[in-house]
Amino acid sequence: MNDRRPWFHTRPMAGAALGAILAAILGSFAPDWALLCVCAVLIPISAFLFRRRSAFFLLPLAMFLVLVRTVLLPTALSPFPFLTNLRANLRANADVLFGDEAAEARGILLGDTSLMTATEYVQYANSGLLHLFAVSGLHVTVLVGMLGSVVRTENKALSLTLLSVFLLFLSAVTGFSPSVLRAAFALIALRICSMRERQEDMPSVFCFALFMTLLCEPFAYRRIGFQLSFAAMDGMTLFSGAFKRPLPDVMKNSKIVQTLTGAVAATVGMLPVMAYAFGEVAWISIPLSIVLIPTMPVVLLFGFLAVMLYGAVPLLSIALSYPAYGAIKLISLVSESLHTPLLKLPAPHPAVIALYYVALLFCSPLFLYNRKRPPWIGLGLLAASVALWFLL
């Protein structure tokens, strides 16, 4: 990969993401037909004024696309009937294969926590492992990483098509979770950059995933899963590399260091949203997740193959389920043995949350490119946001 210009461009992609958010929010207050008329006027005007090379052109265009989506298909996305039946069959397969750990297997593999009792829910929440039972970007990335060679061919178009079909299938099987859609579109964007030998532009990938997710589910922004997923991606996009920069070169490529810096960056991104939604944070989740990360490839690869193949080759599926069952059992035992109190945090005002993310943006490498001075503006805004957080 060389340093050629990124395939995506952050400014127009940010405009598209902003347009999708505005369309989803404004659609809650104004009639769709009125907003469609406004967009129909703004699109040609912005195209004439900005010559289709600016975020100001994509903003009304993105609004128009999202609003057309809500008018033509006003309900949430749902799988085709055969995918709905497949999802039910996979749940039944997980119940048979994993026995007493069926609730955990359903959660990790299919994002279904309906069998989890209130006691188990509190137990996993207190141990900081509840996020493992909501299919997220971690699950998608691990599966694609392990199965990536299957969808890589010399034909770039075929490779991208196979990856997209696999991610679409995984999204449907897991109920079109916003976090899965976000991870799927981000991985597709990264694959396009890689195929075209362009430099990765993570802010553009972030905005592309945000726009496409809202195009599929315009009102997903109201769901806490969507908010936490993009808050985590925001933290990793801005700070994952920055946290590794001061470390010695011999440590930067370490899987442990990459996992640690990614987990810390994601937590920095999610912190105010978690405090606002839940009022508490499991402080042990970062070190414990890092310790248990090696179990996830075992659970996902063997477990997913087991529940998928059980109807065709039950004996092979039973053999494949043993490693996954052992890994799930380990997670369960670790959760049962930990009784750490949660860190209580006051719920920040929405304006404070906005100030917090503005501060993170000014502290990020986007505003510190090739600069050696500390980000005084960003640090000042961050200190102000934290002070207001605990004072208001």
Side-chain angles (χ1 to χ4, degrees), residues 76-94 97-98 102 104-114 131-153 158-192 194-195 205-206 208-217 220 223 225-226 228-230 232-233 236 293 295-312 317 320-321 324 327-328:
L77 286 179
S78 59
F80 294 108
F82 82 92
L83 287 176
T84 303
N85 295 333
L86 174 62
R87 183 170 164 81
N89 291 334
L90 294 180
R91 289 196 296 262
N93 293 347
L97 291 169
F98 293 95
E104 288 78 0
R106 277 191 178 199
I108 295 177
L109 299 174
L110 303 173
D112 180 3
T113 57
S114 59
H131 65 93
L132 297 179
F133 302 97
V135 180
S136 62
L138 169 66
H139 301 66
V140 177
T141 303
V142 169
L143 278 174
V144 171
M146 292 185 297
L147 302 175
S149 58
V150 178
V151 297
R152 287 186 183 273
T153 67
L158 178 61
S159 175
L160 181 61
T161 301
L162 291 175
L163 176 65
S164 302
V165 169
F166 171 74
L167 291 173
L168 178 62
F169 174 77
L170 186 61
S171 300
V173 166
T174 55
F176 288 107
S177 164
S179 58
V180 176
L181 287 174
R182 185 268 301 170
F185 288 124
L187 289 172
I188 290 172
L190 289 172
R191 176 61 63 88
I192 293 174
S194 175
M195 287 169 47
V205 171
F206 175 91
F208 174 78
L210 181 60
F211 167 62
M212 292 301 297
T213 302
L214 287 174
L215 185 61
C216 294
E217 294 285 0
R223 297 163 60 178
F226 174 92
L228 289 176
S229 179
F230 277 95
M233 187 178 180
M236 290 186 291
I293 280 293
T295 65
M296 292 306 294
V298 177
V299 175
L300 293 174
L301 180 60
F302 290 96
F304 199 71
L305 289 176
V307 297
M308 287 292 296
L309 298 175
Y310 182 71
S317 297
L320 290 172
S321 69
I328 293 175

**Student:** Determine the minimum heavy-atom distance between G303 and A324, stating which atoms define it.
**Tutor:**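 Closest approach of G303 to A324, heavy atoms only: N-CB, 3.6 Å.
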**Student:** side-chain hydrogen bond (donor to acceptor under 3.5 Å, both in side chains) with S179: which residues, sequence neighbours excluded?
**Tutor:**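 Checked S179 against side-chain hydrogen bond (donor to acceptor under 3.5 Å, both in side chains); matches are S177.
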**Student:** Scan the side chains in residues 165-175 for donor-acceptor partners under 3.5 Å anywhere in the protein, sequence neighbours excluded, and list what turns up.
**Tutor:**
from, atom 1, to, atom 2, distance (Å)
S171, OG, L167, O, 2.8
T174, OG1, L170, O, 2.8
T174, OG1, S171, O, 3.2

**Student:** Within the side chain of R87, is there an N or O that forms a donor-acceptor pair under 3.5 Å with the backbone of L110?
**Tutor:**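 Yes, R87 side chain to L110 backbone: donor-acceptor pair under 3.5 Å.
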**Student:** Roughly how far, to the nearest 0.5 Å, is CG of L228 from CE of M233?
**Tutor:**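 Going from the CE atom of M233 to the CG atom of L228 covers 15.0 Å.
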**Student:** Who passes ring-ring contact (aromatic ring centres under 6.0 Å, His included) against F302, sequence neighbours left out?
**Tutor:**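 Scan of F302 (ring-ring contact (aromatic ring centres under 6.0 Å, His included), adjacent residues dropped) gives none.
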**Student:** Restricting to non-hydrogen atoms, name the atom on F206 and the atom on F230 that form the minimum distance, rounded to 0.1 Å.
**Tutor:**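 Closest approach of F206 to F230: CE1-O, 3.4 Å.
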**Student:** Under 3.5 Å, which donor-acceptor pairs link side chains of residues 181-190 to any protein atom two or more places apart or in another chain?
**Tutor:**
from, atom 1, to, atom 2, distance (Å)
R182, NE, S229, OG, 2.8
R182, NH2, S229, OG, 3.0

**Student:** Indicate the atoms forming the closest heavy-atom contact of A327 with V299, along with that distance.
**Tutor:**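 Minimum heavy-atom contact is CB-CG2, 3.3 Å.
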**Student:** Run the salt bridge (charged side-chain N to carboxylate O under 4.0 Å, His left out) test against R106 and tell me which residues pass, sequence neighbours left out.
**Tutor:**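 Residues passing salt bridge (charged side-chain N to carboxylate O under 4.0 Å, His left out) with R106: D95, D112.
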**Student:** What distance do L305 atom CG and S321 atom OG have between them, rounded to the nearest 0.5 Å?
**Tutor:**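 Here the rounded value is 11.5 Å.
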**Student:** What closest approach, in Å, do P178 and F226 show between heavy atoms, and which atom pair accounts for it?
**Tutor:**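 So the two residues come closest at CB-CB, 3.8 Å.
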**Student:** Could you tell me the separation between the CD1 atom of I328 and the CE atom of M296, rounded to the nearest 0.5 Å?
**Tutor:**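 The CD1 atom of I328 sits 8.5 Å away from the CE atom of M296.
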**Student:** Could you grab the distance from atom CZ of F98 to atom CG of L109, nearest 0.5 Å is fine?
**Tutor:**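 Rounded to the nearest 0.5 Å, the CZ-CG separation comes to 5.5 Å.
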